[in-house]
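Note: hydrogens, waters and symmetry copies are ignored here, and every other heavy atom, side chains too, is used. Letters go in sequence order (proteins before strands), and every chain restarts at 1.
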Amino acid sequence: MPRELMEHDTHIGGWQDRFPSTRRSVIEAARGGDAGDRQAAWETLIAAYWKPAYKYIRVKWQTGSEEAKDLTQGFLAVALEKGLIERYSTQRASFRTYLRMCIDGYVANERKAAGRLKRGGEHRFVALDFEAADRELSGNGLGADPEACFDRECLRSLFEQAILALQSTCETAGKSVHFRLFERYDLTSEVAGQRPSYEQLAAEVGLPVTQVTNYLAWARRTFRRCVMDALRELTASDEEFRAEARRLLGVEA
Amino acid sequence: MTASVNDSTLDHLRRIVQSAEPEDPRYRIVETLGQGGMGTVYLAEDVTLHRRVAMKVLRGVQDAEAVERMLREARVIARLEHPGIVPVHDAGRLPDGRVYYIMKLIQGRRLDEYAEASASLQERLRVFERVCETVAFAHAHGVIHRDLKPQNVMVGQFGEVLVLDWGVAKVAALTELRPPESAARGTPCDAPQTAHGTILGTPAYMPPEQARGEVDRVDERSDVYALGGILYFLLTGQSPQTWMGEPGLVPPRQLNRSSPRRLEAIGLKALSAEPQQRYASAAELATDVARFRSGQAVLAHREGVAERLARWAWWYRVPILIVAAYLLMRSLLILWQRR
């Protein structure tokens with residue numbers, strides 16, 4: 001193993017160093033600042049939470065796909081119109097729990113009203129791929145515990161954002177092989193027996209096995225940082241960030 | 001690329017996020033090997049010596065008792081230098097406070113998997129004897145394992161047998177295991193490691209006194225009970241507790257007719273509810289199993305004359321068959337000559 005690679009790959013400084021607390025919370029950004037910042041923060045929040053919200057509505061409220069789509073879009077519109085983010089207090093609960101309670105309140109009201117108006121037409125949201133969400137819900141997903149399902153979907157959404165961030169980081173840093181290895185090994189299902197061995201990967205990219213494991217170690221370390229960065233963005237305070245890291249990821253941040 | 005994470009990948013990525021990064025640049029995590037009750041075991045690379053090692057990391061940092069238990073496990077194993085116990089190379093803390101220790105990487109199968117994969121009875125008993133010997137060694141050094149079960153025994157690629165997971169072990173001689181700083185702080189030497197009433201271990205293989213939380217009564221014979229449970233599993237494929245009910249333990253031969261009667265007796269003696277009725281030590285149990293393997297009478301079973309003859313005949317079946325064949329041939333030859 002080349003010495004310079006070892007020195008480059010191993011970063012000493014602890015978790016605080018690896019997960020800097022300088023990233024701004026998008027919850028804070030969505031509550032204040034200029035209109036442009038608010039819009040960008042909203043888009044980040046919707047990208048992170050629309051899918052957990054949609055699946056949660058389907059599982060908890062036992063709705064069909066079409067009704068859940070309407071409810072999800074309606075909820076996001078109401079959240080924006082009525083300033084649900086502005087009303088969020090970090091003292092009461094985590095943002096994730098608050099959001100889930102808001103969804104429950106919204107759906108209960110809509111059911112009570114029984115005459116739902118289609119909302120959301122006047123707002124510009126990020127593209128919501130409901131078909132992909134339905135595919136992920138297939139199997140026994142619909143019979144799951146709704147709250148556990150919501151937590152799991154939040155985690156899935158967090159990882160999906162972190163993967164995109166990792167890809168972007170790798171491209172910027174000229175480490176496309178690192179991402180390719182991560183994609184081939186860590187994003188390939190182990191259940192289906194499709195995951196290649198380190199030896200196979202080494203043959204694919206023309207590197208020694210030790211270098212493959214080094215590259216993967218770097219990619220995983222960077223992925224961890226991306227996950228923590230994304231989580232920090234989606235939480236309103238340092239305390240909530242640490243609590244969410246413990247609850248969702250099982251790590252002490 | 002559109003990132004889409006299925007359930008299996010989600011769990012894998014979660015493990016990656018949880019995986020440890022030691023502050024010491026000497027060890028680099030390669031992948032997760034398994035999850036245990038206390039922590040996670042990773043395959044790691046020792047970048048200085050260019051070798052692969054196993055790294056056990058405690059889950060969470062909040063529980064001071066769990067931290068102490070993990071460190072104690074490392075010290076217990078480090079003290080027990082025996083071919084049946086995985087050697088510990090190093091121990092430390094991660095930047096986030098989690099405790100870890102480094103041990104030799106063993107590749108093999110857990111005993112339950114090994115037994116299910118059609119190992120012969122003789123081979124299973126060979127493995128069982130090695131387990132008993134390792135436990136006897138630990139007892140001789142004042143260490144009671146307290147969580148023996150097939151899942152905590154590993155059979156290596158070359159037939160080596162290792163007893164794992166010493167995390168809930170009871171140590172008689174505490175002073176030798178304590179780090180110097182805690183001794184300097186004046187921690188009482190005879191402080192019990194487990195409060196009375198605390199239940200540690202796996203219910204299916206746990207002796208009654210341990211299950212009742214009677215810590216003071218837990219001794220070598222408690223491990224003998226668990227060893228009896230392992231033997232029961234090797235004979236029946238079931239853990240003893242599964243069959244424990246009001247009428248008592250179901251004899252192995254009721255679950256597997258091919259189990260030898262004397263071996264059944266050995267298992268049931270080890271599994272006696274009263275510690276006094278069990279083998280006094282793991283070594284004594286190993287000796288009785290060795291007697292069975294060599295065709296001798298076992299302590300656990302009083303034989304009748306017929307049984308003794310049958311055992312004797314079975315053990316000497318080859319010379320008996322040779323002599324019988326010789327006599328038969330000889331008789332036939334005599335008859336043929338007389339015609």
Side-chain angles (χ1 to χ4, degrees), chain A residues 1 6-7 9-18 129 132 135-136 139 141 152-153 155-167 179 182-183 185-192 195 198 210 213-214 216-221 223-224 226-228 231 245-246 248-253, chain B residues 1-35 38-40 42-53 55 57-64 66-67 92-100:
Chain A
M1 182 186 341
M6 278 169 53
E7 285 167 358
D9 279 351
T10 307
H11 182 69
I12 303 173
W15 283 47
Q16 294 304 323
D17 183 57
R18 281 193 220 106
D129 185 358
R135 278 197 302 276
E136 287 163 10
R152 196 166 171 82
E153 293 315 319
L155 184 63
R156 195 192 308 274
S157 178
L158 183 72
F159 283 167
E160 286 171 353
Q161 285 190 52
I163 292 166
L164 292 173
L166 172 68
Q167 187 179 24
F179 184 76
F182 181 79
E183 194 177 21
Y185 192 86
D186 290 318
L187 302 184
T188 304
S189 176
E190 59 189 332
V191 172
R195 180 170 294 163
Y198 293 129
T210 48
T213 56
N214 286 339
L216 271 174
W218 180 90
R220 287 167 184 166
R221 200 158 51 239
F223 173 72
R224 276 195 285 275
C226 292
V227 168
M228 299 312 265
L231 184 63
R246 201 175 301 130
L248 272 182
L249 302 167
V251 299
E252 299 294 329
Chain B
M1 174 206 158
T2 303
S4 182
V5 175
N6 64 29
D7 281 350
S8 139
T9 308
L10 184 77
D11 292 333
H12 176 70
L13 291 177
R14 195 169 193 266
R15 286 196 294 273
I16 286 179
V17 173
Q18 289 174 340
S19 57
E21 280 198 81
E23 198 167 13
D24 188 336
R26 183 168 173 179
Y27 305 107
R28 176 172 294 144
I29 299 296
V30 178
E31 64 185 20
T32 307
L33 290 176
Q35 304 268 355
M38 273 207 310
T40 307
Y42 299 99
L43 168 64
E45 194 177 331
D46 181 337
V47 295
T48 305
L49 296 178
H50 291 252
R51 65 176 176 180
R52 291 190 161 191
V53 293
M55 179 182 201
V57 182
L58 180 68
R59 195 177 298 116
V61 292
Q62 309 289 344
D63 188 348
V67 169
R93 273 181 189 269
L94 300 181
D96 64 354
R98 284 180 294 170
V99 177
Y100 73 88

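Contact between A:Ile163 and B:Val5 at its shortest, heavy atoms only, is CD1-CG2, 3.6 Å. Nearest heavy atoms, A:Leu249 versus B:Arg14: C-NH2, 3.8 Å. Across all non-hydrogen atoms, the minimal contact from B:Glu45 to A:Thr213 is OE1-OG1, 3.7 Å.
Highest contact tally toward chain B, considering only A:Val227, A:Leu216, A:Leu155, is held by A:Leu155 [criterion: heavy-atom pairs under 4.5 Å].
Looking at heavy atoms from C-beta onward, B:Asp7 lies in side-chain contact with A:Arg156 at the 4.5 angstrom threshold. By the 4.5 Å heavy-atom criterion applied to side chains, B:Val17 and A:Phe159 are counted as neighbours.
Checked against salt bridge (Lys or Arg N to Asp or Glu O under 4.0 Å), B:Arg52 has no partners two or more places apart in sequence or in another chain. By the salt bridge (Lys or Arg N to Asp or Glu O under 4.0 Å) test, A:Asp186 is found to be paired with A:Arg220, residues two or more places apart in sequence or in another chain being considered.
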After noting the C-alpha distance and the side-chain angles of A:Glu160 and B:Leu13, does the key distance pass the side chain to side chain contact (heavy atoms under 4.5 Å, CB included) rule?
CA-CA 10 Å; A:Glu160 286 171 353; B:Leu13 291 177; over 6 Å; no
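Without hydrogens or angle criteria, B:Arg28 side chain to A:Asn214 main chain gives no donor-acceptor distance under 3.5 Å.
To the nearest 0.5 Å, atoms CD1 (B:Ile16) and CZ (A:Arg224) are separated by 7.5 Å.
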